[in-house]
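Quick note on labels: first sequence line is chain A, next is B, and so on, each numbered from 1.
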Protein chains: 2
Amino acid sequence: MYIEVGFVLLEYTLDREAVATIDRSSYEPAYAQLVRILLGQIATGIFRPGDRLPSESQLCAHYGVSPMTVRRVINILVDQGVVIAEQGRGTFVKPLELGTATFDLGQLQQLFHEEESAVKLLEAHITSATGRAARKLAVEVGARLVFIRRLILHSEKPVLLHREYVIYDPTRPLIEAEMEVTALRGLFNGGVGSDLKWADLTVEATALTEEEAALLQSEAGVPAFQLEHTFYDFDGRPVSWGWFICSSDHLHFTATIGVPD
Amino acid sequence: MYIEVGFVLLEYTLDREAVATIDRSSYEPAYAQLVRILLGQIATGIFRPGDRLPSESQLCAHYGVSPMTVRRVINILVDQGVVIAEQGRGTFVKPLELGTATFDLGQLQQLFHEEESAVKLLEAHITSATGRAARKLAVEVGARLVFIRRLILHSEKPVLLHREYVIYDPTRPLIEAEMEVTALRGLFNGGVGSDLKWADLTVEATALTEEEAALLQSEAGVPAFQLEHTFYDFDGRPVSWGWFICSSDHLHFTATIGVPD
DNA sequence: AAACCCCACTTCTATATACAAGTGTATAAC
DNA sequence: GTTATACACTTGTATATAGAAGTGGGGTTT
């Protein structure tokens, strides 16, 4: 039994020496190659969760790169959450943690990116702030707001409904820009101008109302995501508050933890 | 007009020189201090989206640190998504992009972390693979699976419902561990053993069924999140497939883009 | 037996240096 | 006037080196 284990380890060691070398003539930088190599070895199971990676000096000697380059590689793996480095002890492969999973809006972004998408302005007029909008935008009840309603179509089918309240300020050119039907696309793929500082986002589960279902060509009660957003300017004041509605059929968030093949 | 602009720029420059210096006697490393300083200047609006940061050599001279240290700082800011570096042109503050927002399971994790949480095993028995479970786990219909149903309580109130199918394999100790009611907590906060390689996660919106509502002390039709998960071993074979159900009242995902105060 | 110190090993910070590679402008050649 | 070249400036990669700081084991002293 012990011998068999030893054999397996030996085989792995041979594989590692045979397969993994840095190609100095490649366009891929040495540090990127080493990241790829180590990730591959973790993915293959040569290094398993809890295992200690070779020390930095060992990696230097083995791959023929300088200490700083190895350092950089380790830092990248730490940032990716694949390994954890403990000063004085070593660098260890992290076990799976559900809590570290992160979801992004890539899928939602795709709805805008492609050419098949269009934004249709349903409504845009000046209104008075009600309780909830006034609270979210930190203005007095009755203050003037611009209410915007948009429908985002993909392949000529409605998939996203957007409602937004923007603080009415004639001096701010933002409003004109926001009214542009193409502004939403810019919101996702960069370039909202330079007068927005940060945004808070919240995702909740909800069910389509009759009105939403009619617009989205769906049925009332269908499960949907509600992505709420609040934008702030550089004075820390909220500028706009709104939310997207999307039925769960058209959108789901995905994430991967660990190192897939 | 031109003079006023010039004055504003001058003021900013003075502020920057006066406020921001590196304290070499601090425990906080120089690179971390510089990251903090630059982030603060971006947050304050000294550098706004689209603006070019000072070049690396300028930062070196200004803060009295070596080029490599500045390099490291810029890399950190790039990794954080706050700036974008373009070779030959400069480093620029990124505008807000909705699409780059990422959500994590921190809130969900908290439900397990605290002492007030408990896991209650509702059901655990061997069953036969049906169409969907068999497809997800890549086994033949009729193969033996372990079906587990758990209820996660927080402050003695049920908040999470978990259902899971695990491939039945008497040689694998995983099953025994999975049956432990405390295993779930470990799943979130690290240490699932070393025999799981990676996991796929999906979040969808759904509505509580009658059965789920009864268990969660809620009502049927209430909007809820469904977090589906599939774990794979080092052979790339699925090991377990299941999903959490949580009403949207108890959980919502949050994210922030840009640099908040 | 217990406490202490030293040493080898690990990761971490920081510097100085060199060259590669992309960008844009100003100048020279045509 | 147009094109081509050279140059200054930018970020990107890689190396060599020094010391700081944390860990753990072995040996000595108490």
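Heavy-atom nearest nucleotides on DNA chain D were determined for A:Ala30 and for B:Tyr27, and the one closer to the 5' end corresponds to A:Ala30. Between A:Gln58 and B:Gly88, it is A:Gln58 whose nearest contact on DNA chain C lies nearer the 5' terminus.
Whole-Å rounding puts the B:Gln87 CD to C:dT23 P distance at 8 Å. Look at CD on B:Glu86: it is 13 Å from C1' on C:dG24, rounded to the nearest Å. Per the geometry, CZ belonging to B:Arg52 stands 11 Å off P belonging to C:dG24, to the nearest Å. Atom CG in A:Leu59 sits roughly 13 Å away from atom P in C:dC12 (whole-Å rounding). B:Phe92 has its CZ atom 10 Å from the C1' atom of C:dT23, to the nearest Å.
Taking both residues in full, the closest heavy atoms of B:Ile257 and B:Glu97 are given as CD1-O, 3.6 Å, listed atom of the first, atom of the second, then distance.
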Q. Can you check side chain to side chain contact (heavy atoms under 4.5 Å, CB included) on A:Phe231 and B:Leu98, steps first, answer last?
A. CA-CA 11 Å; A:Phe231 285 95; B:Leu98 263 189; 4.3 Å; yes
**Q.** Criterion side chain to side chain contact (heavy atoms under 4.5 Å, CB included) on A:Thr254 and B:Glu228, from CA distance to verdict
**A.** CA-CA 9 Å; A:Thr254 60; B:Glu228 189 178 324; over 6 Å; no
Q.
Apply side chain to side chain contact (heavy atoms under 4.5 Å, CB included) to residues A:Arg72 and A:Val70 and explain how you reach the verdict.
A. CA-CA 5 Å; A:Arg72 182 176 183 176; A:Val70 167; over 6 Å; no
Q: Report the C-alpha distance between A:His229 and A:Phe244 in whole Å, list the side-chain angles of each, state the deciding distance to 0.1 Å, and finish with yes or no for ring-ring contact (aromatic ring centres under 6.0 Å, His included).
A: CA-CA 8 Å; A:His229 59 80; A:Phe244 295 86; 5.5 Å; yes
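The phosphate of C:dT10 (OP1 or OP2) has no side-chain N or O of A:Thr91 nearer than 4.0 angstrom. Within the structure, a side-chain polar atom (N or O) of A:Ser55 is placed less than 4.0 Å from OP1 or OP2 of C:dT10. Between A:Arg89 and C:dC9 there is no side-chain N or O to OP1 or OP2 distance below 4.0 Å. Contact annotation: B:Tyr31 side-chain N/O to C:dA14 OP1/OP2 distance is not under 4.0 Å. At the phosphate of C:dT10, OP1 or OP2 sits under 4.0 Å from a side-chain N or O atom of A:Ser57.
On the nucleic acid side, DNA chain D has its first and last nucleotide under 4.0 Å of a heavy atom of chain A at D:dT13 to D:dG24, going 5' to 3'.
Of the residues in residues 67-84 of chain B, those lying under 4.0 Å from DNA chain D by heavy-atom distance are B:Met68, B:Arg71.
Counting heavy atoms from C-beta outward, A:Val93 and A:Leu53 have side chains that approach closer than 4.5 Å.
Judged by a 6.0 Å distance limit and a 45° cone about the ring axis, B:Arg237 is not positioned over the six-membered ring of B:Tyr232.
Residues A:Phe253 and B:Phe253 place their aromatic rings such that the two centres sit no closer than 6.0 Å.
If you check the side chains of B:Glu164 and B:Ser240, you find a donor sitting under 3.5 Å from an acceptor.
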